[in-house]
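Here's the structure, in structure tokens; my notes come after.
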Amino acid sequence: MKPQMAKIPFLPAIVILSLIAGGCARGTHVWHGSPYPDTSPAPDFELTDTQGEPFRLSAQRGKALLLFFGYTSCPDICPATVGEMRSVFDQMGPEASKAIFAFITVDPERDSPQVLRDYLDKFNPNFVGLWGDAESLAATEGAYGVFAQAEDHQPGEPYEVTHTARVFFIDPEGLLRTNYALDTDPEDILADLQYVTKGMP
Amino acid sequence: LKRHRPIEALAAALILTACSLTQAGLQVADAWARPADAGANSAVYLQIRNRGGEDELLEVRTEAAESASLHRTIVDADGVAHMEPQSEIPIPADETLTFEPGGYHVMLMQSKNALHPGDSISVTLIFQLAGPITIQVPIENR
């Protein structure tokens, strides 16, 4: 009984001190969406942009990157997501040049680079459209845990693609920080972007 | 009498428009559709306000696209989205059902003409009890 009594007064102090130390070490920013518990580099990939130029993720360091996997014939969730990105980028104003939104097609059969360009231009001409052969696209989807599967269809027949509809947030150091579902408040995404681009040249 | 005809026609048109929006306690409001190129897909979003008894939305028709259907986007816990065609959508009594991105929507497959912001299209919703309700849906960037 006695030894236990002696230890108790120190416990709250230890708990409080470790909380303060932990808080300082982690910084004060709380990522929105679904943050990754362990921060690690975003999986690298190389795809082709709508100008036919190679787009390598690791070559984009120094900019915040938002990645979305979708398709242009998608009537609901993709335009809703890209529309939300437009609103976020509009709100960033001139700071928007410190961020990239890239739309990776999950439907290379219909989404040619030109189709992607025409589609994205309606939202923001700076948005990047990425395309590749089935193998490179599947590898990129796999690396990000993205599910994408086209409905069975006859050639030329309309079809839908079931796919993961989250936006992945990669900071300017290439670290995968969090991802956002469609119902994320654009203000929250803006807050994360402003946090990483603050003080950047 | 001739002088009054345009006014009478206008009055009749206004009455018809008003009637087409509200039937048997159902009101269709806040409708909008996304811009699209000719041949591309779009979606219509709206609210169905029901101040009457239970009803069902059975079908949707428009001349603006090759086909129009009732759909619902379902997003699972892993964030995977897929669309499910809806054969009928229950409209509970005294409730408002909202069609919004990531949920219920009217899917327009292959727009016949380009849908530009500022344009509008005519869409008819067919309810089991209330019958057809035709609305003008503005094309908007939202």
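Convention: sequence-line order gives letters A, B, ...; per-chain numbering from 1.
For Met109(B), the part lying near chain A is the side chain, with the backbone staying farther off; criterion is any non-hydrogen pair under 4.5 Å. For Ala165(A), the parts lying under 4.5 angstrom from a heavy atom of chain B are both the backbone and the side chain. There is no contact between Ala40(B) and chain A, counting heavy-atom distances below 4.5 Å.
Put simply, of Ala181(A), Cys74(A), Ala80(A), the one with the most heavy-atom pairs under 4.5 Å next to chain B is Ala80(A). Chain A forms more heavy-atom pairs under 4.5 Å with one residue of Val80(B), Val75(B), Leu108(B) than with any other, namely Val80(B). Counting heavy-atom pairs under 4.5 Å between each of Gly145(A), Pro79(A), Ala148(A) and chain B puts Pro79(A) at the top.
When all heavy atoms of Ala81(B) and Ile77(A) are compared, the closest pair comes out as CB-CD1, 3.9 Å. Between Pro75(A) and Ala43(B) the shortest heavy-atom distance is O-CB, 3.5 Å.
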To see if you've got the definition right, give the donor-acceptor pairs under 3.5 angstrom between chain B and chain A.
unit_1	atom_1	unit_2	atom_2	d
Asp37(B)	OD1	Lys122(A)	NZ	3.1
Asp37(B)	OD2	Lys122(A)	NZ	2.9
Asn41(B)	ND2	Ser73(A)	O	2.8
Tyr45(B)	OH	Asp76(A)	OD1	2.4
Thr73(B)	OG1	Asp76(A)	OD2	2.6
Gly79(B)	O	Ala165(A)	N	2.7
Ala81(B)	N	His163(A)	O	2.7
Ala81(B)	O	His163(A)	N	3.1
Gly102(B)	N	Asp76(A)	OD1	3.3
Gly102(B)	N	Asp76(A)	OD2	2.9
Asn141(B)	OD1	Arg86(A)	NH1	3.4
Asn141(B)	OD1	Arg86(A)	NH2	3.4

